[in-house]
Amino acid sequence: MDKKQATNMEVKKNNRNRVFRYLCGNGIVSNPDISYELKMSLPTVTQITKELIESGLVKENGALESTGGRRAKALAVDANARQAVGLDITKNHISLVLVDMTGEILKYERIFQPFSNGEEYYCEVGRRLEIFLDESSARQESILGIGISFPGIIDLKGQMIADSHVLGVNSLPFGSVGRFFSYPCFFLNDANAGAYAEGIYAKEPTRFFYLSLSNTVGGAIFSDGRLEQGKNFRCGEVGHMTVIPDGRACYCGKRGCLDAYCSAKILSDAADGKLERFFEGLRQGEAAFSRMWEEYTNNLSIAVNNIHMVLDCDIVLGGYVGSYVETYIQGIQAKTARRNTFAEGGGFVRACRYKVGAAALGAALKVIETFIEQV
């Protein structure tokens, strides 16, 4: 194949991808709509949508209202032509989510399942997954794959879970996990997955840092539709940056790490292990919880301001704590603004959009996005 042919094929694939992506994100549209919005010729768009209809990914949905001429055919993605599963593995639970081609959540479930790096555990997770899919009435042939979220360093080059302190796992090949499932598996770090859920369907190009405040603290940089991975796939691991020199012991063996001050466990451990109980008490004005929240957000504001100073982008608070902070975001913004050198206010700090199952959702959306890129 000569260079000109290869270039033409790349252009056609890129155009097809743009059209399909537009259809995925815009509901019912017409060929003229697509042509106008994507600045592509109408014959080119018409040929592409014809191919997508023939492949079963797009369907005709009647006709749109006339604006004076012939009524344009209404086109829409066949959302359930393909589906994806997200699986978030944590120390004590698994979360499962099923999404359609447009990213809509069809079913979500969180199950108590203590982690153990052995065949019995993965077999049980696989069994739970099949029950979940059966209850969802999902067709096996429509499942594109499983996005699997792990708390730890995901080495995409070495194809392994390089290190997970919280799960006690290191150098675990993807294949050692994937062999227990009947579908292709895609692996993500949990904070990366949460960031992906937060940013992948943004209408405008966006760059932000996702700060995951779960039982471990992590982070991810999302920039214009992509995750920044870093040289050793450790980009965003702010849970182990020092915020208090020689401070509290961290589970990693060091002292003064952000994780030791802003883990969700700091709050839940004070409320019988239940984070919702902590925030319920905080809303009711319980003094002990109010004092703890004051200290927690003081430390959080240090970290948030430091991250913003380095990256100069919005900071999204996610994870378990992030699902509760919207009510308190103005206070966090004010504390952060007082630390900010440039007097820009704290509006760059915001609460996450997805309050429940963000990591599982992001892992599933990564599977969908991988498919879209190949259309």
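Everything quoted here is computed from the prediction, not taken from an experiment.
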Derivation and outcome, salt bridge (Lys or Arg N to Asp or Glu O under 4.0 Å), residues R291 and E295: CA-CA 6 Å; R291 287 193 299 271; E295 180 184 4; over 6 Å; no

Give the intermediate values and the outcome of side-chain contact (heavy atoms from CB on, under 4.5 Å) for residues T90 and N215. CA-CA 9 Å; T90 66; N215 287 343; over 6 Å; no

Please walk me through it: do L258 and H240 pass side-chain contact (heavy atoms from CB on, under 4.5 Å)? CA-CA 6 Å; L258 177 61; H240 300 293; over 6 Å; no

Is there a salt bridge (Lys or Arg N to Asp or Glu O under 4.0 Å) between E276 and K274 once you walk through the steps? CA-CA 5 Å; E276 63 272 22; K274 297 179 180 179; 5.8 Å; no

Return yes if a side-chain donor-acceptor contact under 3.5 Å exists between [X] and [Y], otherwise no.
X: S95; Y: D88; value: no
X: K335; Y: T297; value: yes
X: S301; Y: R339; value: yes
X: Y22; Y: D33; value: no
X: T49; Y: N31; value: yes

With a sphere of 6.0 Å drawn around [atom1] of [X], does it hold more than 12 non-hydrogen atoms of other residues, nucleotides or ligands?
X: D272; atom1: CG; result: no
X: R207; atom1: CZ; result: yes
X: R226; atom1: CZ; result: no
X: E54; atom1: CD; result: yes
X: E326; atom1: CD; result: no
X: K254; atom1: NZ; result: no
X: N92; atom1: CG; result: yes

Less than 6.0 angstrom from the centroid, inside 45 degrees of the normal: does R350 satisfy that with respect to the ring of F208? yes

Under the criterion side-chain contact (heavy atoms from CB on, under 4.5 Å), I'd like the reasoning laid out for H165 against N170: C-alpha separation, chi angles, the key distance, then a yes or no. CA-CA 8 Å; H165 278 288; N170 57 73; over 6 Å; no

Ion pair present between R21 and E369, side-chain N to carboxylate O less than 4.0 angstrom?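 A salt bridge links R21 with E369.
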
May I ask you to say whether E286 pairs ionically with R277, meaning some side-chain N is under 4.0 Å from a carboxylate O?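 A salt bridge links E286 with R277.
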
May I ask you to test the L52-V375 pair for a side-chain heavy-atom distance under 4.5 Å? yes

Do V217 and Y261 have side chains that get closer than 4.5 Å, going by heavy atoms? no

Under a single-linkage definition using a 4.5 Å side-chain heavy-atom cutoff for Ile, Leu, Val, Met, Phe, Trp and Tyr, are F150 and Y320 assigned to the same hydrophobic cluster?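 Different clusters: F150 never reaches Y320 through Ile, Leu, Val, Met, Phe, Trp or Tyr contacts under 4.5 Å.
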
Can you hop from F112 to V356 via hydrophobic side chains spaced under 4.5 Å? no

Check the pair E280, R283 against salt bridge (Lys or Arg N to Asp or Glu O under 4.0 Å), reporting the backbone distance first and the verdict last. CA-CA 5 Å; E280 180 184 343; R283 283 193 298 273; 5.4 Å; no

With F289, the ring-ring contact (aromatic ring centres under 6.0 Å, His included) member among Y296, F279, F278: F278

Exercise: identify the closest heavy-atom pair between [X] and [Y]:
X: Y210; Y: A358; answer: OH-CB, 4.0 Å
X: E60; Y: I53; answer: CG-CD1, 3.9 Å
X: P151; Y: V166; answer: CG-CG1, 3.6 Å
X: G346; Y: A337; answer: N-CB, 3.6 Å
X: A191; Y: S212; answer: CB-CB, 4.0 Å

Under the side-chain contact (heavy atoms from CB on, under 4.5 Å) rule, collect the residues that match up with D224, sequence neighbours excluded. P205

Evaluate the salt bridge (Lys or Arg N to Asp or Glu O under 4.0 Å) criterion for residues K12 and E51: first the C-alpha distance (whole Å), next the side-chain angles of each, then the deciding distance (0.1 Å), finally the verdict. CA-CA 12 Å; K12 288 180 179 179; E51 292 170 1; over 6 Å; no

Looking at CG of L129 and CD1 of I94, how far apart are the two atoms once the value is rounded to the nearest 0.5 Å?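 Answer rounded to 0.5 Å: 8.0 Å.
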
Could you check V85 against V99 for side-chain contact (heavy atoms from CB on, under 4.5 Å), going step by step and ending with a plain yes or no? CA-CA 6 Å; V85 177; V99 303; over 6 Å; no

